[in-house]
Protein chains: 2
Amino acid sequence: MKSGSKASTTEGRVTPEGLEKLAGVFRVFGEAGRLALLQELKEGEKTVGELVELSGIGQAGVSKHLKMMHDADILSRRKEGTKVYYAVSDPMVFELCDLVCSKLVREQEQLRAIEYVI
Amino acid sequence: MKSGSKASTTEGRVTPEGLEKLAGVFRVFGEAGRLALLQELKEGEKTVGELVELSGIGQAGVSKHLKMMHDADILSRRKEGTKVYYAVSDPMVFELCDLVCSKLVREQEQLRAIEYVI
DNA sequence: AATGATTATTCCTATAAAGGAATAAACGAA
DNA sequence: TTCGTTTATTCCTTTATAGGAATAATCATT
């Protein structure tokens, strides 16, 4: 067992500041545009321009979203000339999305089952 | 392998509507007050009044947060007399929080290691 | 029916965040 | 240095959400 790290683990209580940080991370994922960008980045690193093309989001928006995710330590950033490559730096991202996705699928199946009965 | 369920699984593409739903779920977790309520509910079902006491959030706020989480199929609701008991209905909730918590702990440990070097 | 207790909802205000246009900044090439 | 490309930032408007006070709704008790 590791020693300190009192601020934000889920066994036992989490401090209000810990909860705020937690919520902050979830908020990063709480926007469809950012999830779309993550979906593109799942296939590998991409430049801002490529992501603008692929996502249909405006350049400013993409740049802001990427900065936000980079600040949250979700993306890595690599500069090459005038281009900037972003990549997912924490695979937790996909575990998170898979968890919620499977939940949504479960719900949908349940709905379908109900429709079937009716 | 299950058959249909095209709308929102993470292998392959997720539709824009799927992404919107996904984001919506994350937004539920993107607020410290709601996480605090979930933390209380981790120990078992509680009434609205108990949660008001425990969380320090106002009655209206608690009620609204609970409704939101119930609508998102995260909480179950049981009425007994004038009291209403809420409980976490999907253990995914805790997996989600644990995932993000462990990420935060990792980051904090990394920060600590850097401080140690300096 | 009237009262008290509990929860839900409405209304308002304040805050935060998204989105777009324009501009700035960083960099390479000529 | 100047120009073109790419990305970041600023400014503005709009929308969404939290939070509180007040009110409504629900239910048991008398």
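Order of the sequence lines sets the chain letters (A, B, ...), proteins ahead of strands, with each chain counted from 1.
Spacing between atom CZ of A:R78 and atom P of C:dC27 amounts to 15 Å, rounded to whole angstrom units. Following rounding to the nearest Å, A:E31 (CD) and D:dT17 (P) show an atom-to-atom distance of 11 Å. Remark: C1' of C:dT6 and CG of B:L51 are 13 Å apart, rounded to the nearest angstrom. Atom pair A:I57:CD1 and C:dA17:C1' shows a separation of 14 Å (rounding to whole Å applied). Rounded to whole Å, atom P of C:dA17 lies 16 Å from atom CZ of A:F26. In this entry the distance linking NZ of A:K83 with C1' of C:dA29 reads 14 Å, nearest Å. Rounded to whole angstrom, the span from the CZ atom of B:F29 across to the P atom of D:dT17 amounts to 16 Å. With rounding to whole Å, B:L37 atom CG is found 13 Å from C:dT7 atom P.
Of the possible donor and acceptor atoms, none in the side chain of A:T47 sits under 3.5 Å from a partner among the backbone N and O of A:Y85.
Between B:M69 and B:L37 the shortest side-chain heavy-atom distance falls below 4.5 Å. At least one side-chain heavy atom of A:R106 sits under 4.5 Å from a side-chain heavy atom of B:D90.
For the segment residues 60-77 of chain B, residues with any heavy atom less than 4.0 angstrom from an atom of DNA chain D are, sorted by number, B:A60, B:K64, B:H65.
The phosphate of D:dT6 has neither OP1 nor OP2 within less than 4.0 Å of any side-chain N or O from A:Y85.
Between B:F29 and A:F26, the ring planes lie tilted relative to each other; the angle falls in the 30° to 60° range.
Residue contacts for A:Q59: at a heavy-atom cut-off of 4.0 Å it reaches a base atom on one of the strands shown.
B:I74 pairs with exactly one of B:L41, B:V28, B:L66 by the side chain to side chain contact (heavy atoms under 4.5 Å, CB included) rule, that one being B:V28.
Rounding to the nearest 0.5 Å gives a distance of 12.5 Å between CZ of A:R34 and CG of B:L19.
The two residues B:K103 and A:D73 come nearest to each other via the heavy atoms NZ-O, 3.0 Å. The shortest non-hydrogen separation linking B:S76 to B:S89 is N-CB, 3.8 Å. Pairing each heavy atom of B:R27 with each of A:G30, the nearest pair is NE-O, 3.0 Å.
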Check: protein-nucleotides 24-28 of chain D nitrogen or oxygen pairs below 3.5 Å:
from   : atom 1 : to    : atom 2 : distance (Å)
D:dT26 : O3'    : B:K79 : NZ     : 3.4
D:dC27 : OP1    : B:K79 : NZ     : 3.4

